[in-house]
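All values below were derived from every heavy atom in this structure, side-chain atoms included, with hydrogens, water molecules and symmetry-related copies excluded.
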Amino acid sequence: MLQSMTGYGKSEVNTECLKISIEIKTLNSKSLDLFVRISPRYRNKELELRKIIGDQLLRGKVDFSIAIENLSADNNSRINLNTVQGYIANLEELNIEGSKLDFLKMAVRMPEVFTNQEVEISDAEWKLVIDCLTSTLQKVNEFRQEEGGSLEKVLQEYAHNILNLLTEIEKYETERIDGIRSKLQKQLLDLQVQFDEQRFHQELIYYIEKLDINEEKVRLKQHCKYFFEVMDTDFQAGKKLGFISQEMGREINTIGSKANHPEIQKLVVLMKDELEKIKEQTNNVL
């Protein structure tokens, strides 16, 4: 079954003094585009987290965040007093109106006011983080599978519509050939010149062969068949389905250029419309 690149998952775990929350959102993208927001406590673990996420999600625009809530009285954040005092002194030198409290409120919003002391992460705590991440990734993949199932049904419907329209074209093929023959004969008669009937029929056969669309129809059916096979056997099929839809488009365009019949050209327009829907949806497939 197909998987969508759209997904969402969130999980939480608690230690004795911390509440850890991990949230992941994914959207479609041509490759893995990973954006992370990590608490300074786990900053040195970023590469490890990136690898785990990349190995699981494979492709898409991924927004990952890990947040920490301190449940204990201890806090490793410290105010840099010298920095705060320096900001206040600079503000006072500007001779702007304001009390010491006003300057303090402005100063604490400035860069490098708060510093974080390095905290050693225990193996037990890091295992909880990994478990939380694993749970979140599982939820994202379950979401992707559910969305992928809906995408697969839609794509099958669009591809079947193309095949049905292709069948409709067959109704007009005899009429199309007869129309070409009648048109050429009329043009020759209007010229009021003598012509060799045998030579005329030879040229007509050659001309009709140039307009023959049987090969394009066969190839288009084969592309649609392969399209269904890929959806059934490959969950990570987005790029492959995109390539197949390009080949389908080539055959449809060729049929349109050879159509030489108004009803067939209308059907070709409808086929192109279904194909555009396919291309739009395959952009969301993993």
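Atom NZ of Lys279 sits in a crowded spot, with more than 12 heavy atoms from other residues, nucleotides or ligands closer than 6.0 Å.
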Check step by step if side chain to side chain contact (heavy atoms under 4.5 Å, CB included) holds for Ile24 and Leu57.
-> CA-CA 10 Å; Ile24 297 177; Leu57 299 184; 4.1 Å; yes

Salt bridge (Lys or Arg N to Asp or Glu O under 4.0 Å) between Glu125 and Lys45, worked out
CA-CA 13 Å; Glu125 179 184 336; Lys45 299 286 190 178; over 6 Å; no

Intermediate values then yes/no, side chain to side chain contact (heavy atoms under 4.5 Å, CB included), Lys258 and Thr254:
CA-CA 6 Å; Lys258 290 183 175 183; Thr254 305; 4.0 Å; yes

Notebook entry, point to check: Is there a salt bridge (Lys or Arg N to Asp or Glu O under 4.0 Å) between Lys51 and Glu48 once you walk through the steps?
Noted result: CA-CA 5 Å; Lys51 186 177 186 309; Glu48 183 177 345; over 6 Å; no

Margin query: Could you go through Val285 and Gln3, starting from their C-alpha distance and side-chain angles, then the distance that decides it, and tell me whether this counts as side chain to side chain contact (heavy atoms under 4.5 Å, CB included)?
Written below: CA-CA 6 Å; Val285 178; Gln3 278 195 24; over 6 Å; no

Derivation of the side chain to side chain contact (heavy atoms under 4.5 Å, CB included) call for Leu34 and Asp63
CA-CA 6 Å; Leu34 179 55; Asp63 187 350; over 6 Å; no

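At least one donor-acceptor pair closer than 3.5 Å links the side chain of Lys139 to the backbone N or O of Lys10. With hydrogens and angles disregarded, no donor-acceptor distance shorter than 3.5 Å links the side chain of Thr26 to the backbone of Lys61. Using a distance-only test at 3.5 Å, with no hydrogens or angles considered, a donor-acceptor pair links the side chain of Arg59 to the main chain of Ser29. Checking side-chain atoms of Asn253 against main-chain N and O of Gly249 turns up a donor-acceptor pair under 3.5 Å. Judged by distance alone, with hydrogens and angles left aside, the side-chain atoms of Thr134 form a donor-acceptor pair with the main-chain N or O of Ile130 at under 3.5 Å. The backbone N or O of Gly242 lies less than 3.5 Å from a partner atom in the side chain of Ser245, making a donor-acceptor pair.
Among residues two or more places apart in sequence or in another chain, the side-chain contact (heavy atoms from CB on, under 4.5 Å) test is passed with Asp123 by none. Under the ring-ring contact (aromatic ring centres under 6.0 Å, His included) criterion, His223 pairs with no residue, sequence neighbours left out.
Distance OH/Tyr226 to NZ/Lys240: 4.5 Å, rounded to 0.5 Å. Residue Leu133 holds its CG atom at 12.5 Å from CG of Leu128, rounded to the nearest 0.5 Å. Atom CD1 in Ile38 sits 9.5 Å away from atom CG in Asn44 (nearest 0.5 Å). Distance check: Leu137 CG to Ile52 CD1 gives 8.0 Å after rounding to the nearest 0.5 Å. Annotation: the span from Gln265 atom CD to Glu263 atom CD amounts to 10.0 Å, rounded to 0.5 Å. The structure places OH of Tyr8 at 9.0 Å from OG1 of Thr136, a figure rounded to the nearest 0.5 Å.
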Could you go through residues 150-159 and list every donor-acceptor pair under 3.5 Å that involves a side-chain atom there, pairing it with any protein atom two or more places apart or in another chain?
residue: Glu152; atom: OE1; partner: Leu2; partner atom: N; Å: 3.2

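Residues Cys132 and Ile20 approach most closely at SG-O, 4.3 Å, considering heavy atoms. For the residue pair Thr233 and Glu229, the shortest heavy atom distance occurs at OG1-O, 2.9 Å. For Gly54 against Leu32, the heavy-atom pair with the smallest separation is CA-CD2, 3.6 Å. Annotation for Ile68 and Ser39: closest pair CD1-OG, 3.4 Å, computed over non-hydrogen atoms.
Classification of Glu147 and Arg144 as a salt-bridged pair fails, no side-chain N sitting under 4.0 Å from a carboxylate O. Here Arg50 pairs with Glu46 in a salt bridge; the nearest charged N to carboxylate O distance falls below 4.0 Å. Look at Lys272 and Glu251 and you find no salt bridge, because none of the NZ, NE, NH1 or NH2 atoms lies under 4.0 Å from a carboxylate O. In summary, Lys277 and Glu274 engage in a salt bridge, as defined by a charged side-chain N under 4.0 Å from a carboxylate O. The pair Arg37-Glu23 fails the salt-bridge criterion, with no side-chain N (NZ, NE, NH1 or NH2) lying under 4.0 Å from an Asp/Glu carboxylate O.
With a 4.5 Å cut-off on side-chain heavy atoms, Glu216 and Arg219 count as touching. The shortest distance between side-chain heavy atoms of Val129 and Ile66 falls below 4.5 Å. Between Leu18 and Arg41, the closest side-chain pair of non-hydrogen atoms falls below 4.5 Å. Between Thr282 and Ile244, the closest side-chain pair of non-hydrogen atoms is not below 4.5 Å. Considering only heavy atoms from C-beta on, Leu166 comes within 4.5 Å of Leu220 through its side chain.
Through direct or indirect side-chain contacts shorter than 4.5 Å among Ile, Leu, Val, Met, Phe, Trp and Tyr, Val218 is connected to no other residue.
Using a 4.5 Å cut-off between side-chain heavy atoms of Ile, Leu, Val, Met, Phe, Trp and Tyr, with links allowed through other members, Phe243 and Leu241 fall into different hydrophobic clusters. Placement of Ile22 and Val13 within a single hydrophobic cluster is found when ILVMFWY residues are connected by side-chain heavy-atom separations under 4.5 Å, directly or transitively. At a threshold of 4.5 Å between side-chain heavy atoms, the hydrophobic network of Ile, Leu, Val, Met, Phe, Trp and Tyr places Ile213 and Tyr172 in one connected group. Follow the hydrophobic side-chain contacts under 4.5 Å out from Met271 and you never reach Val269; the two are in separate clusters. By the rule that hydrophobic residues join a cluster once side-chain heavy atoms approach within less than 4.5 Å of another member, Met5 and Leu58 end up as members of one cluster.
The ring-ring contact (aromatic ring centres under 6.0 Å, His included) contacts involving residues 12-43 comprise Tyr42-Trp126, where partners must be two or more places apart or lie in separate chains. The stretch residues 131-151 participates, sequence neighbours left out, in no ring-ring contact (aromatic ring centres under 6.0 Å, His included) pair at all.
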